[in-house]
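Here is the structure we will look at.
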Amino acid sequence: MDPLSRRSFLKAAGPAVAAPCFVPRRRRAARPAAVSSANGLVSVEIAVRKMLEGVPPVDAAVLGVEPVENDPDDMTVGYGGLPNADGIVELDSCVMDGRSGLAGAVACLRNIKNPAQVALQVMRRTDHVLMVGEGALQFARMHGFTEENLLTEKARKAWVAWRERLSDKDDWVDPEENGEFGKDFVRTTGTIHVGCVDANGDVGGCTTTSGLAFKIPGRVGDSPLIGCGNYVDNEVGVAGSTGRGEAVIVTNGGHRVVGYMADGKSPTDACLAALRDVVRFTKVQRLLRADGRPDFQVKFYAINKAGEIGSAALYPTRYARATEAGAELADAAALFEG
Ligand code: GLY
């Protein structure tokens, strides 16, 4: 889409994404930069190092998330991720490459601990974008990915504890000794997103997750959906999300953040604007707190083509960012205080 038709498109989309003037950001990043959710401190460091070695941004993002996908202690991503309601780990991921404008994604993928790498192969080895379930697994097998049991003992115990205390109207008994997975254990929507821009100003992004803990089997969140958990426009930048996927899907969050950057907003202001849209779309009582605010968390991360990094969330949180000067955690801007 050329800048003029893109502007027409944004205006047609209504006031939430319209802007008085469209300012294409064609400046090149002087140096590589990466942004991630707070669980991606190691990921942004790896991604920047790889881009300095000449690795394209989308590949750098996938290499960045790999240690988090492999980490049994991160129960929101890859190996060790919390399973669905049937006790089966189902993983979602997508990648998008700014230079080619291509994307790849997998959803409900079982037995493969690095779904981001499978998504990269979908992008490079097929004419499709999204593959799901058994077809995605067969595709992964075909490309030599090794199958393994992704359910760690820790994740299995968390699932059993959740199942046992789900209801007092079934035959499962909720033992007192559920320990760390007792009554205070909160269902997670963790996830990792890594967005990258290299010194040429080319952009790529990746999001990967085990999704909502104990989800209904077959549930797909925002992470593998292009324009939701991850979106890239090589003329503008990259944005991604973590948190409640359903809220990001209905607002097309990633696309919205990139659209706001295309309108000239800084990455952080673009994330905040998209969060206001999330709030605007959250109307049903069961999703609202007593004070009328959303009863869930959504976090956005963004980098523009010039290498400016930003992040914002509904409620206070941290995020990870890196340049060649190093990687660090920083406070995200928060729409609400607590
Ligand atoms: N944002 C991750 C999910 O909702 O599955």
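No hydrogens, no waters, no symmetry mates; every other heavy atom, side chains included, goes into these values. Both ligands and their constituent atoms are indexed starting at 1 by order of listing.
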Quiz item: Going by distance only, is there an N or O of Gly245 that falls short of 3.5 Å from an N or O of ligand 1?
Solution: yes
Quiz item: Without hydrogens or angle criteria, can the side chains of Tyr260 and Asp277 be said to hold a donor-acceptor pair below 3.5 Å?
Solution: yes
Practice problem: Give a yes/no verdict on whether any heavy atom in Gly243 is under 4.0 Å from an atom of ligand 1. | Solution: yes
Quiz item: Which of the atoms of ligand 1 are close to Gly211, meaning less than 4.0 Å from one of its heavy atoms?
Solution: 5 (O)
Practice problem: Please state whether Lys215 comes within less than 4.0 angstrom of ligand 1, counting heavy atoms only. | Solution: no
Practice problem: Take Lys50 and Asp198, measure what salt bridge (charged side-chain N to carboxylate O under 4.0 Å, His left out) needs, and give me the verdict at the end. | Solution: CA-CA 10 Å; Lys50 290 294 170 187; Asp198 69 10; over 6 Å; no
Quiz item: In terms of side-chain heavy atoms, does Asn149 have a donor or acceptor partner in Asn111 at a distance below 3.5 Å?
Solution: no
Quiz item: Under 4.0 Å from any heavy atom of Leu212, which atoms of ligand 1 are there?
Solution: 5 (O)
Quiz item: Going by the order shown, which atoms of ligand 1 are within less than 4.0 Å of some heavy atom of Arg219?
Solution: 3 (C), 4 (O), 5 (O)
Quiz item: With backbone taken as N, CA, C and O and side chain as the heavy atoms from C-beta onward, which portion of Asp92 lies under 4.0 Å from ligand 1: side chain, backbone, both, or neither?
Solution: neither
Quiz item: Which atoms from ligand 1 have a heavy atom of Thr191 less than 4.0 Å away?
Solution: 1 (N), 2 (C)
Exercise. Begin from the C-alpha positions of Asp222 and Ser241 and carry the test side-chain hydrogen bond (donor to acceptor under 3.5 Å, both in side chains) through to its verdict.
Key: CA-CA 8 Å; Asp222 57 327; Ser241 63; 2.7 Å; yes
Self-check item: Where ligand 1 meets Asp222 - atom numbers and elements under 4.0 angstrom, heavy-atom basis
Solution: 1 (N), 2 (C), 3 (C), 4 (O)
Quiz item: Is the backbone of Thr76 close enough, under 3.5 Å, to the side chain of Ser210 for a donor and an acceptor to pair up by distance?
Solution: yes
Practice problem: Please check if the side chain of His193 supplies one atom and the backbone of Asn230 the other of a donor-acceptor pair under 3.5 Å. | Solution: no
Quiz prompt | Check: Val68 main-chain N/O paired with Asp74 side-chain donor or acceptor under 3.5 Å | solution = no
Quiz prompt | Atom indices of ligand 1, in the order listed, that fall short of 4.0 Å to a heavy atom of Ser223 | solution = 1 (N), 2 (C)
Exercise. Would you mind listing which atoms of ligand 1 come within a distance below 4.0 Å of any non-hydrogen atom of Gly221?
Key: 5 (O)
Self-check item: Test log, rule side-chain hydrogen bond (donor to acceptor under 3.5 Å, both in side chains), inputs Thr242 and Thr191
Solution: CA-CA 6 Å; Thr242 63; Thr191 308; over 6 Å; no
